[in-house]
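Here is how names work: the chains are called A, B, and so on, in the same order as the sequence lines, proteins then strands, and each is numbered from 1.
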Amino acid sequence: MNAIAIKHNDEIIDLQTAKELGFEGEQIHLDNSADSLEVLRHSTAHLMAQAIKSLYPDAKFYVGPTVKEGFYYDFKTESEIGEGDLKKIEKQMLSFAKKKYEIEKYTISMDEAKEKFKDDHLKLAVMERITDDRVSIYKQGEFEDLCRGPHLPSIGLIRYFKLTKISGAYLGGDSKNEMLTRIYGIAFADKESLKDHMTMLAEAEKRDHRKIGNEMNLFTFREEVGAGFPIWLPAGGRLRARLESLLYKAHRKRGYEPVRGPEMLRSDLWKISGHYENYGENMYFTKIDDVEFGVKPMNCVGHIKIYEDELRSYRDLPIKYFEYGVVHRHEFTGALHGLFRVREFTQDDAHIFCTTEQIEEQIIEVVDFVDKIMSTFEFDYKMMVSTKPEKAVGSDEVWEVSTQALKNAMDKNNLPYEIDEGGGAFYGPKIDIKITDAIGREWQCGTIQLDFNLPERFELEYNGENNDKIQPVMIHRAILGSFERFIGILTEHYAGEFPMFIAPTQVAIVPIADTHNAYAKELSDKLIDINADSEIYNKNDSLNKRIRTAEKTRVPMLVIVGDEEVEGKTVAIRDRRTREQYNLSEEEFLKLIQTKVNEVNF
RNA sequence: GCUGACAUAGCUCAGUUGGCUAGAGCAGUUGAUUUGUAAUCAACAGGCCCGGGGUUCAAAUCCUCGUGUCAGCACCA
């Protein structure tokens, strides 16, 4: 098998360049290794551009890189291209690939390149980002493109690819710029891998929380209610209630007090906090008797008012308030996405008021809390320290001190983190917890924010040891982030097969005939006593049908009761996953459920 | 918000170039059946074809403005 590129000084060098510069190195062959796919997909992007250019001669091209999920190319044409056109483009790509054009490379000076592409504003925009004196051009058949490579020696090597998505994308990723058309695609070295990839995508789709949420009656959205306002159905309500109650205990153990602030507060307060100025466009406002109110987008102001309700001493600190706070935010319509992104959601929010000296231990305690919960759900997550954003309140010194405090807490405890420059909240830097979901997407859930600014703006204080007035520090934190997003992620993570301790229904009871209904009801009542929900499947259907229906609800445990069970006070258990069947006495069964329902504590 | 696609029964979807009373499966209701581990049989019911407005002899179908959904961009818990 011939090489498609070489590895030189740890860099992928295509054969064209290797020949030009006389480089040698380890050969890269056409397979599904990361290096090979990098080259293959990059060239597939060019092949796509070639096909687009032939179908839409006015097309101009911006950049066409490889990304985690394949490759894309951004381009501009006067024609309207939709999803239906992808097939046509694929077909054209295949016909070019069959011609097995060699991919040739030549270099020209930057000035020559600017002259060559003088009518192509997109290429000129690309060149603005290049500092080199010379640029390379890759050519296949009639088509050529400014590109730094690396590329395959010939497009004839490209066979197994698929165009997956089409959409718009802003030039340079900036919403102030014009919008280009972007087509995403994927390519592999062999047919099987492409097929596997497509299967994997289809499997991922089956886990979509919007689909499962509908099937399991967890939640719904309705056009007449409004975009981004979720409606929680009974099954979803039960799941949520379980999470809430677990979390309530976890907070109490850690010294948090439950509180509740109002849903709307006067705009004057949002002006003091800085939300009016910095977050106003995401807020909803209304008037009551000529006084303007803002619906809360965050819970901090309410908690500040609770702090202010009494004089505080250093002996009281840290004070920790928590609330399942319902917040409203005006999100762009295009951003809304199932439960992942909504306009009304409930945060598992808390605010810790503490002394400067207590910051580190408090941060560590919260990070530990986060870890406890994430590991219970077997989530991978990472932490990002986010620094001062463009829109912010407070002096640079305060930002510097607080950002450093966050980093110190992490460093001292050897906790790994990445930096997100400019990603902080407007009132302070934060540590974001990002969960990786079932199909590899990252979601920001938990967040820990350090805030010197709001205490100053609201002139919060406590009495110090010498009876002097000292300003406390606020730590804003949420662990799940919001129940909505977190339950969405959980749903996809478990593909709807929730573990017993949060499942909407713990047990499905299937009586064999009507004569067994009484025993089923008796079991159901006893289950309620041990905090387990059950459902009795005694509809006028065949036994098989009712078992099938119960299985399809994804309930963790199925019990069948007939004459034998009624007589012997037992249950026949059917494990949904393994399809194993076994019998337990009623007593053993209740004990088993009780154990499983209570096995988790954060 | 931007680019593109889409919206028909509770759910999943048919519905031809505009043309008769808009269909199916599942779910639901009723009846028969009383079942021992993944679909018993039958009947019935269910629709402002997303909402305004327009074109036309005629609109689920074409145009237009909204609303909502999907993919991505940008923004974010």
Which whole-number value in Å describes the distance from [X] [atom1] to [N] [atom2]?
X: A:Phe426; N: B:A77; atom1: CZ; atom2: P; value: 12 Å
X: A:Lys552; N: B:G25; atom1: NZ; atom2: C1'; value: 12 Å
X: A:Tyr73; N: B:U3; atom1: OH; atom2: C1'; value: 19 Å
X: A:Leu336; N: B:A74; atom1: CG; atom2: P; value: 17 Å
X: A:Glu215; N: B:C11; atom1: CD; atom2: P; value: 13 Å
X: A:Leu86; N: B:C70; atom1: CG; atom2: P; value: 20 Å
X: A:Ile448; N: B:A77; atom1: CD1; atom2: P; value: 14 Å
X: A:Glu223; N: B:U8; atom1: CD; atom2: C1'; value: 14 Å

Of the nucleotides [options], which has the atom closest to the [X] side chain?
X: A:Tyr184; options: B:G1, B:U40, B:C73; result: B:C73
X: A:Ser542; options: B:U40, B:C73, B:U69; result: B:U40
X: A:Glu80; options: B:G4, B:U3, B:U69; result: B:G4
X: A:Ser175; options: B:U37, B:U35, B:A74; result: B:A74
X: A:Asn540; options: B:U12, B:U69, B:U35; result: B:U35
X: A:Ile560; options: B:U35, B:U37, B:G72; result: B:U37
X: A:Asp541; options: B:U40, B:A77, B:G72; result: B:U40
X: A:Arg574; options: B:A27, B:G68, B:U37; result: B:U37
X: A:Arg548; options: B:A38, B:A71, B:C2; result: B:A38
X: A:Tyr170; options: B:U69, B:G1, B:U33; result: B:G1

Using a 4.0 Å heavy-atom cut-off across all strands, classify [X] as base, sugar-phosphate, or nothing.
X: A:Ala335; result: base
X: A:Asp563; result: base
X: A:Gly173; result: sugar-phosphate
X: A:Ala550; result: nothing
X: A:Ala513; result: base
X: A:Glu344; result: nothing
X: A:Leu180; result: nothing
X: A:Arg341; result: base
X: A:Val327; result: nothing
X: A:Thr447; result: nothing

* In terms of heavy-atom contacts, does NZ of A:Lys91 have more than 12 from other residues, nucleotides or ligands at under 6.0 Å? -> no
* Over 12 non-hydrogen atoms of neighbours within 6.0 angstrom of CD in A:Glu277 -> no
[N] phosphate, OP1 or OP2: any side-chain N/O from [X] under 4.0 angstrom?
X: A:Asn544; N: B:A38; answer: no
X: A:Arg343; N: B:A77; answer: no
X: A:Tyr279; N: B:C76; answer: no
X: A:His337; N: B:U69; answer: no
X: A:Lys539; N: B:G28; answer: yes
X: A:Arg222; N: B:U67; answer: no
X: A:Gln444; N: B:C76; answer: no
X: A:Lys545; N: B:A27; answer: yes

* Asked: Any N or O donor-acceptor pair linking the side chain of A:Glu69 to the base of B:G72 at under 3.5 Å?
  -> no
* Base B:C76 to side chain A:Arg485, donor-acceptor N/O within 3.5 Å cut-off -> yes
* May I have all residue pairs that pass salt bridge (charged side-chain N to carboxylate O under 4.0 Å, His left out) and include part of residues 294-304 of chain A, sequence neighbours excluded? => A:Lys296-A:Glu323
* Asked: With sequence neighbours left out, which residue pairs that include part of residues 504-524 of chain A fulfil the salt bridge (charged side-chain N to carboxylate O under 4.0 Å, His left out) condition?
  -> A:Lys521-A:Asp525, A:Glu522-A:Lys526, A:Glu522-A:Lys569
* Is the cationic atom of A:Lys391 (NZ for Lys, CZ for Arg) positioned less than 6.0 Å from the six-membered ring centroid of A:Phe426 and within 45 degrees of its normal? -> no
* Modelled atom types, side-chain donor and acceptor of A:His476 and A:Asp451, under 3.5 Å -> yes
* Structure fact -> One should read off an interatomic distance between A:Ile502 CD1 and A:Leu246 CG, to the nearest 0.5 angstrom, of 8.5 Å
* Structure fact -> CD of A:Glu497 to CZ of A:Arg207, rounded to nearest 0.5 Å, is 8.5 Å
Expressed as a whole number of Å, how far does the [atom1] atom of [N] sit from that of [M]?
N: B:A9; M: B:A45; atom1: C1'; result: 11 Å
N: B:C63; M: B:U17; atom1: P; result: 14 Å
N: B:G28; M: B:U21; atom1: C1'; result: 24 Å

* Structure fact -> Result for 5'-nearest mapping on RNA chain B, choosing between A:Gly562 and A:Lys430, is A:Gly562
* Structure fact -> Assign each of A:Gly82 and A:Ser482 the nucleotide of RNA chain B bearing its closest heavy atom; nearer the 5' end lies the nucleotide of A:Gly82
* Between A:Glu331 and A:Arg329, is a salt bridge (Lys or Arg N to Asp or Glu O under 4.0 Å) present by the stated rule, with each step listed? -> CA-CA 6 Å; A:Glu331 302 289 348; A:Arg329 297 184 184 176; 5.3 Å; no
* Asked: Less than 5.5 Å between centroids and less than 30° between ring planes, does A:Phe332 satisfy that with B:A74?
  -> no
* Asked: Are A:Arg554 and A:Ile212 side-chain neighbours, meaning at least one heavy-atom pair lies under 4.5 Å?
  -> yes
* Considering the options A:Arg343, A:Arg240, A:Arg341, which one meets the salt bridge (charged side-chain N to carboxylate O under 4.0 Å, His left out) requirement together with A:Glu484? -> A:Arg240
* Asked: RNA chain B in dot-bracket, Watson-Crick or G-U pairs under 3.5 Å, [ ] crossing, | other strand?
  -> (((((((..((((.....[...)))).(((((.......))))).....(((((..]....))))))))))))....
* Asked: Taking the inter-plane angle between the rings of A:Phe486 and A:Phe379 on a 0 to 90° scale, is it parallel (under 30°), tilted (30 to 60°) or perpendicular (over 60°)?
  -> perpendicular
